[in-house]
Protein chains: 2
Amino acid sequence: MRKATYTHACIVERKAFTIGIACESRMVEADYMGIASGRDVDKFAVTGLTFVKSELVDAPYASEFPVVLECRLLHIVEIGLHTQFIGEVKDVKIDGACLDAEGHVDVGKLDPLAFAPDTGAYFALGALIGGAYSIGKSFTTETSS
Amino acid sequence: MRKATYTHACIVERKAFTIGIACESRMVEADYMGIASGRDVDKFAVTGLTFVKSELVDAPYASEFPVVLECRLLHIVEIGLHTQFIGEVKDVKIDGACLDAEGHVDVGKLDPLAFAPDTGAYFALGALIGGAYSIGKSFTTETSS
């Protein structure tokens, strides 16, 4: 995050932040969040998103985003033009509709946005194409019994 | 990265690392890279990927990955069970077939993998669904002339 942003100042002062995973159905609201500054406007009022004050950290979140992480600030790392904030996740709130039968996040149901900064574009997630830590085993010479 | 990994030790010792963006056509090789350890096997020899010694930093990369970042180690941040390495990108090598007419990365041509760690799955990227810093302007009340 650049130092000039209002969010930067809020995170440093409150030692807390939240992260909401933006999904396709909230793409326009999420994009507005990245255009406007909380210094000038009430982004929740403008977009109609619901302002929720976290009970765990000193920061708000929008209840409409399907995954929200509430974080306590742990480290501040200065990297060139940007500051990196590293937080301890105090809680993860997930819309139950995005979970599979075993309680794992079903990424297909979550429908998260992928952001391509170079061209300024949002992409949807595509098909499930392979199992991690699995398909690469075709290169191992050992055969399991 | 966990401290127990061979890669962790190499990065600390050489103060350098490279990052290759895995694409769908190299998904099996990329997955194997995450399964096997360089302490035990020559991952390049096993997968058939081409070993290239970076001329800029003390680390190798596979020439088959369409985007490669060569990084000099800047910061080491200890975060719970993992170490975060932050690097200065000394060069980015991109397969020309993944660029658009203006020289930007065409994410659709790049075809990067998305990794869902919770369920251990790789997803393809889907359709371009919106313009960033653009679609959210529908919430702004000002009209530009």
Side-chain angles (χ1 to χ4, degrees), chain A residues 24 27-36 41 43 45-48 74-80 84 86-89 99-100 102-108 110-141, chain B residues 24 27-36 41 43 45-48 74-80 84 86-89 99-100 102-108 110-141:
Chain A
E24 185 170 351
M27 177 172 62
V28 180
E29 289 89 339
D31 190 57
Y32 176 78
M33 293 284 191
I35 294 174
V41 294
K43 298 185 191 184
V46 170
T47 56
L74 274 188
H75 300 288
I76 299 176
V77 189
E78 299 299 340
I79 307 170
Q84 181 194 42
I86 300 174
E88 177 192 4
V89 179
L99 298 178
D100 64 19
E102 285 79 40
H104 295 286
V105 174
D106 183 324
V107 179
L110 178 60
D111 212 7
L113 296 180
F115 173 45
D118 190 26
T119 51
Y122 297 118
F123 288 82
L125 209 66
L128 173 66
I129 52 176
Y133 306 114
S134 170
I135 51 172
K137 289 181 183 171
S138 60
F139 284 114
T140 59
T141 50
Chain B
E24 186 170 351
M27 179 173 59
V28 180
E29 289 88 341
D31 190 56
Y32 177 78
M33 293 283 191
I35 294 174
V41 295
K43 299 185 191 185
V46 170
T47 56
L74 273 189
H75 299 287
I76 300 176
V77 188
E78 299 297 342
I79 308 170
Q84 182 193 42
I86 300 173
E88 178 193 3
V89 178
L99 297 178
D100 65 19
E102 284 79 41
H104 295 286
V105 174
D106 184 324
V107 178
L110 177 58
D111 211 8
L113 296 180
F115 173 45
D118 190 27
T119 51
Y122 297 117
F123 288 82
L125 210 65
L128 173 66
I129 52 176
Y133 306 113
S134 169
I135 52 172
K137 288 181 184 170
S138 60
F139 284 113
T140 60
T141 50

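All values below come from the heavy atoms of this structure, side chains included, with hydrogens, waters and symmetry mates left out. Everything quoted here is computed from the prediction, not taken from an experiment.
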(message) Is A/L113 close to chain B through its backbone or its side chain, or both, or neither, when contacts mean heavy atoms under 4.5 Å?
(response) side chain

(message) Could you measure the distance from the CG atom of B/L74 to the CD atom of A/E78? Nearest 0.5 Å is fine.
(response) 12.5 Å

(request) Output the option from A/I79, A/V28, A/D100 having the highest count of non-hydrogen pairs under 4.5 Å with chain B. (result) A/V28

(request) Measure the spacing between CD of A/Q84 and NE2 of B/H75 and express it to the nearest 0.5 Å. (result) 9.0 Å

(request) Can you measure from OH (A/Y32) to OG (B/S134) and round to the nearest 0.5 angstrom? (result) 14.5 Å

(request) Output the distance between atom OH (A/Y133) and atom CD1 (B/I35), rounded to the nearest 0.5 Å. (result) 8.5 Å

(message) Under 4.5 Å from any heavy atom of chain A, what part of B/T119 do you find: side chain, backbone, both or neither?
(response) side chain

(request) Give, for atom CG of B/L128 and atom CZ of A/F123, the distance between the pair rounded to the nearest 0.5 Å. (result) 4.5 Å

(request) Using non-hydrogen atoms and a 4.5 Å limit, figure out which bit of A/A114 sits close to chain B: side chain, backbone, both or neither. (result) side chain

(request) For the pair B/D31 (side chain) and A/K137 (backbone), establish whether a donor and an acceptor sit closer than 3.5 Å, ignoring hydrogens and angles. (result) no

(message) Quick check for you: to the nearest 0.5 Å, what is the distance between A/I86 atom CD1 and B/I86 atom CD1?
(response) 5.5 Å

(message) Counting only non-hydrogen atoms closer than 4.5 Å, does A/E102 touch chain B with its backbone (N, CA, C, O), its side chain (CB onward), both, or neither?
(response) neither

(message) As an exercise: rank A/A132, A/G80, A/G108, A/A116 by heavy-atom pairs under 4.5 Å with chain B and give me the winner.
(response) A/A132

(request) Examine distances only and state if a side-chain atom of A/D118 and a backbone atom of B/H104 form a donor-acceptor pair shorter than 3.5 Å. (result) no

(request) Determine whether A/E29 and B/F139 make a side-chain contact, defined as any pair of heavy atoms from C-beta on separated by less than 4.5 Å. (result) yes

(request) Give, as side chain, backbone, both or neither, the part of B/V77 having an atom under 4.5 angstrom from any heavy atom of chain A. (result) side chain

(message) I'd like to verify something: which residue of B/G48, B/G130, B/G120, B/A30 has the highest number of heavy-atom pairs under 4.5 Å with chain A?
(response) B/G130

